[in-house]
Amino acid sequence: MRFSDKGVYNIAIDIGNTFCKIGVAYGDGLAMSRKVLRDGLLSGLDELTGGRYPDIIIVSCVQEDDMELYRALENRCRRLVILNGRTPVPVKNSYATLETLGADRIASAVGADYLFPGEDCLIFDFGTAITIDFKSADGTFKGGNISPGMNTRFKAIHQYTNRLPLVSPKAPDKLKGKSTEEAVCNGVVLGIMFEVEGYIRKHPGYRIVFTGGDSIFFADKLDFPIFVVYNLVLTGLVRIAAYLNEIGA
């Protein structure tokens, strides 16, 4: 039996640079998720729904708008929601430039508020970029910062220098690299670790939430209580879809 056989449901889609995550939800709870290649999104969605279309498909996309894809998704649901800074969400939003706010960032904040209500949250999303965002105990998205991700740093130091190699990440076993490869690896990995530690130490009492592709890599190396939520964006998208139904928007 497919999940779509159980009744009214919504679909959440998190479109990244290479992969997409598809989440199925009844109400505001994420029931299941699936990861597919970007090119396999529609076929993966059709397999999951079995032709029984959801009430809402809500999308967070880090790429440029793909109108052809959006039209295809629109034909597979009652209502398509492309999340942006102007979409009604169940948190307050104090960001100054809503038109430039990444959908994944606001979805993560909503997800953190749903999972950790009444708590200050410091949210790290480790992907092509590292986003560091703040959600307050009163349910306000306070904004945050954006930094190059781990693989972005490795590629940049290789591409913008003449002789430094392209290095694969691994856990440093000492602070001082004894070879150029070790020096590059330590510089990138330890640099991110010290960056993250700096934010955490300046915000005592905050719930520390990691998400994104490199979240486990760094969570294992930091001596802090960290909650890794692999599907934080999907969790937020599902909650937003339920909220839109609640308010009739």
Side-chain angles (χ1 to χ4, degrees), residues 1-91 102-115 125-128 209-216 227-249:
M1 176 183 291
R2 296 182 178 87
F3 276 76
S4 59
D5 294 332
K6 294 183 178 180
V8 176
Y9 69 107
N10 296 322
I11 293 284
I13 301 176
D14 176 16
I15 301 177
N17 289 298
T18 304
F19 291 97
C20 301
K21 294 180 184 177
I22 306 171
V24 177
Y26 298 89
D28 57 9
L30 183 64
M32 67 167 292
S33 65
R34 175 178 297 181
K35 185 176 180 179
V36 298
L37 285 169
R38 168 66 179 79
D39 292 342
L41 172 57
L42 292 177
S43 59
L45 177 62
D46 289 343
E47 180 182 348
L48 198 61
T49 64
R52 189 164 180 269
Y53 295 152
D55 187 46
I56 291 177
I57 292 179
I58 184 167
V59 177
S60 166
C61 184
V62 301
Q63 302 175 335
E64 293 292 329
D65 285 336
D66 184 338
M67 302 313 297
E68 183 178 350
L69 172 63
Y70 293 166
R71 283 191 292 270
L73 292 174
E74 198 167 29
N75 290 330
R76 288 168 164 81
C77 62
R78 184 186 68 81
R79 180 184 176 195
L80 176 67
V81 177
I82 308 300
L83 180 64
N84 58 47
R86 301 287 179 183
T87 305
V89 295
V91 297
D104 55 336
R105 295 176 64 194
I106 187 62
S108 289
V110 172
D113 190 62
Y114 175 74
L115 295 172
D125 190 338
F126 295 89
T128 302
V209 184
F210 280 15
T211 192
D214 293 324
S215 55
I216 295 294
F227 292 81
V228 178
V229 184
Y230 183 65
N231 285 324
L232 187 62
V233 172
L234 286 183
T235 299
L237 290 173
V238 164
R239 176 68 191 107
I240 294 167
Y243 176 73
L244 293 174
N245 278 333
E246 290 167 11
I247 65 173

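Within the 4.5 Å cutoff, the side chain of I11 has no heavy atoms near those of the R76 side chain. Here the side chains of R79 and L244 are in contact, with some heavy-atom distance below 4.5 Å. Contact check for T128 versus V62: no side-chain heavy atoms found under the 4.5 Å cut-off. The closest side-chain heavy-atom distance from V228 to T211 is not below 4.5 Å.
With values rounded to the nearest 0.5 angstrom, Y114 atom OH is found 4.0 Å from D28 atom CG. D104 contributes atom CG, which lies 5.0 Å from atom OG of S60 (distance to the nearest 0.5 angstrom).
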Using atom types as modelled, flag every donor-acceptor pair under 3.5 Å from a side chain in residues 34-45 to any protein atom, sequence neighbours excluded.
| unit_1 | atom_1 | unit_2 | atom_2 | d |
| --- | --- | --- | --- | --- |
| R38 | NE | Q63 | OE1 | 3.4 |
| R38 | NH2 | D66 | OD2 | 2.7 |
| S43 | OG | G40 | O | 3.1 |

Would you give me the side-chain donor-acceptor pairs under 3.5 Å for residues 81-91, sequence neighbours excluded?
| unit_1 | atom_1 | unit_2 | atom_2 | d |
| --- | --- | --- | --- | --- |
| N84 | OD1 | R86 | N | 2.8 |
| N84 | OD1 | T87 | N | 3.3 |
| N84 | OD1 | T87 | OG1 | 3.4 |
| T87 | OG1 | N84 | N | 3.1 |
| T87 | OG1 | N84 | O | 3.3 |

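Qualifying side chain to side chain donor-acceptor pair (under 3.5 Å) partners for E246, counting only residues two or more places apart in sequence or in other chains: R239. In terms of the side chain to side chain donor-acceptor pair (under 3.5 Å) criterion, residue partners of S33 (sequence neighbours excluded) are, by chain and number, N231. Residues passing the side chain to side chain contact (heavy atoms under 4.5 Å, CB included) test with N10, sequence neighbours excluded: D55, I56, A241, N245.
The stretch residues 8-24 participates, sequence neighbours left out, in no salt bridge (charged side-chain N to carboxylate O under 4.0 Å, His left out) pair at all.
In this structure, F210 has its ring center closer than 6.0 angstrom to the ring center of F126.
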